[in-house]
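Quick notes on the structure that follows.
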2 protein chains.
Amino acid sequence: MLGTPSSDRIAKRREATRREILDAAWAVAREQGLGALTLREVAVRVGMRPPSLYSHFESKDAIYDAMYGQAWQIFHDQVKDRVLPKEPRAALLEIAETFFDFAVADLARFQLMNQRSVPDFVPSKESYAMAVEVLDRLRRDLAAFGVTDESDVDLFTALTGGFVDQQLANDPGGTRWRRQLPRLIDMYVKEVKPRRRR
Amino acid sequence: MLGTPSSDRIAKRREATRREILDAAWAVAREQGLGALTLREVAVRVGMRPPSLYSHFESKDAIYDAMYGQAWQIFHDQVKDRVLPKEPRAALLEIAETFFDFAVADLARFQLMNQRSVPDFVPSKESYAMAVEVLDRLRRDLAAFGVTDESDVDLFTALTGGFVDQQLANDPGGTRWRRQLPRLIDMYVKEVKPRRRR
DNA sequence: GTCTATAGTTTGATAGAC
DNA sequence: GTCTATCAAACTATAGAC
């Protein structure tokens with residue numbers, strides 16, 4: 001006698017399929033551009049017929065939304081347990097480089113996360129929460145070095161974000177801006193004068 | 001007896017229609033997003049049927065291309081005759097603010113000019129030339145203050161571009177980053193040490 | 001140069017059998 | 001949960017009359 005699959009097992013399978021779909025969606029977005037994403041292409045890659053996607057996502061927008069949340073989730077997982085150096089310059093450089101490398105690795109992902117590239121797309125509350133989580137984490141990291149002014153945090157995000165933009169737009173795959181990150185952090189440290197972490 | 005319109009007059013009329021179409025295209029892009037631009041919507045606004053657009057542009061891509069070139073052209077016109085202060089700090093601030101204000105005034109335009117927002121769109125040689133022109137102009141402007149290292153120029157574009165990005169993405173219509181531009185220029189001046197213009 | 005007509009795709013999404 | 005069948009709509013682009 002065979003038992004029926006436990007509901008736990010079913011849920012796991014469902015989740016796995018969802019992830020397969022998202023993986024395919026990311027692949028398409030990377031290869032053809034975020035705005036060129038189509039349900040057909042995604043379905044083909046997963047080995048499904050397009051209508052079957054609707055068993056897992058209620059619309060194309062829901063896929064964009066899941067991608068958005070997933071991207072921020074992945075980055076959050078990557079930074080949430082890191083231990084930063086006590087010395088401000090080294091720590092801030094690590095923060096900047098981690099974000100830079102993550103962002104530069106995938107233009108489509110960066111466009112979805114940080115630019116308003118998909119017309120009418122607005123992340124759901126749940127997905128947006130992940131982005132907020134990451135920014136809060138950055139705020140706490142900076143605060144540990146005495147950087148608490150909102151203007152100082154804004155300065156930091158603008159500086160690192162600007163480097164990412166230039167790298168992606170004008171030297172994709174290269175290091176023209178990446179290699180200037182240490183210099184950037186030096187500038188920032190001189191300006192904001194963070195103190196050594198306690 | 002009526003004469004026939006001079007070929008000069010005909011050319012003027014053609015050019016005017018082209019501009020009308022581009023104006024409509026910009027309006028759609030601003031209102032609905034750059035990626036949501038459709039020939040139908042553009043035609044409706046101009047008061048034409050969609051196929052008529054093909055008398056003026058050979059494809060949708062050609063419209064994107066003309067928009068791209070036009071945007072850089074407009075910005076170039078805006079800066080080509082300006083006389084900068086001799087004092088480095090004031091001059092660099094003016095350069096940064098001019099670019100910032102222009103970019104922040106229109107998200108769709110900024111996306112077309114500086115981000116890779118439209119899948120597969122590659123500007124034609126002629127349109128791209130306008131962008132190069134502007135960058136050359138910036139190089140000459142900076143050179144007048146002794147800023148000639150490519151890395152210093154790259155730093156400047158990344159800093160100002162980053163501010164634009166943050167302003168558009170996280171405080172559209174506001175001044176959260178705009179008001180920190182003087183501070184940014186102070187940082188840059190300390191780092192690069194431009195000399196007074198001769 | 002603008003129109004009508006229409007081709008030829010592609011798209012996101014639904015209905016209902018299995 | 002996946003399929004087939006299908007839809008309705010939108011799209012870019014072309015042909016040819018006026």
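All chains are named by letter (A, B, ...) in the order of the sequence lines, taking the proteins before the strands, and each is independently numbered beginning at 1.
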Side chain to side chain donor-acceptor pair (under 3.5 Å) between Ser124(A) and Ser127(A), intermediate numbers included: CA-CA 5 Å; Ser124(A) 63; Ser127(A) 295; 3.2 Å; yes

Arg109(A) to Tyr68(A) six-membered ring, cation-pi geometry met (6.0 Å, 45°): no

Listed partners of Phe145(A) passing ring-ring contact (aromatic ring centres under 6.0 Å, His included), at least two apart: none

Determine all donor-acceptor pairs shorter than 3.5 Å in which one atom belongs to a side chain in residues 129-137 of chain B; sequence neighbours excluded.
| residue | atom | partner | partner atom | Å |
| --- | --- | --- | --- | --- |
| Arg137(B) | NE | Asp141(B) | OD1 | 3.2 |
| Arg137(B) | NE | Asp141(B) | OD2 | 3.2 |
| Arg137(B) | NH1 | Lys80(B) | O | 2.7 |
| Arg137(B) | NH2 | Asp141(B) | OD1 | 3.3 |

Within one Ile-Leu-Val-Met-Phe-Trp-Tyr cluster: Val44(A) and Ile63(A), side-chain cutoff 4.5 Å: no

Phe102(A) and Phe75(A) aromatic ring geometry - parallel, tilted or perpendicular at 30°/60° bounds: tilted

Ring centres under 6.0 angstrom apart (Phe156(A), Tyr188(A)): yes

Name each donor-acceptor pair under 3.5 Å that joins a side chain in residues 173-183 of chain A to protein atoms two or more places apart or in another chain, with its distance.
| residue | atom | partner | partner atom | Å |
| --- | --- | --- | --- | --- |
| Thr175(A) | OG1 | Arg179(A) | NH1 | 3.3 |
| Arg176(A) | NE | Asp154(B) | OD2 | 2.8 |
| Arg176(A) | NH2 | Asp154(B) | OD1 | 2.8 |
| Trp177(A) | NE1 | Asp154(B) | O | 2.9 |
| Arg178(A) | NH1 | Asp101(A) | OD1 | 2.6 |
| Arg178(A) | NH1 | Asp101(A) | OD2 | 2.6 |
| Arg178(A) | NH2 | Glu97(A) | OE2 | 2.8 |
| Gln180(A) | OE1 | Arg183(A) | NH1 | 2.8 |
| Gln180(A) | NE2 | Ser151(B) | O | 2.9 |
| Arg183(A) | NE | Glu191(B) | OE2 | 2.8 |
| Arg183(A) | NH1 | Asp152(B) | OD1 | 3.0 |
| Arg183(A) | NH2 | Asp152(B) | OD1 | 2.6 |

Selection: residues 30-57 of chain A, any non-hydrogen atom under 4.0 Å of DNA chain C: Leu37(A), Thr38(A), Leu39(A), Arg40(A), Pro51(A), Tyr54(A)

Five-pair end axes of the helix from dG1(C)-dC18(D) to dC18(C)-dG1(D) and the angle they enclose, rounded to 10°: 0°

Worked verdict on Trp26(A) versus Leu112(A) for side-chain contact (heavy atoms from CB on, under 4.5 Å): CA-CA 11 Å; Trp26(A) 281 117; Leu112(A) 182 59; 3.9 Å; yes

Ile185(B) CD1 to Ile95(B) CD1 distance, which is reported to the nearest 0.5 Å: 8.0 Å

Segment of DNA chain D, first to last nucleotide, that comes within the 4.0 Å heavy-atom reach of chain B: dC11(D) to dT14(D)

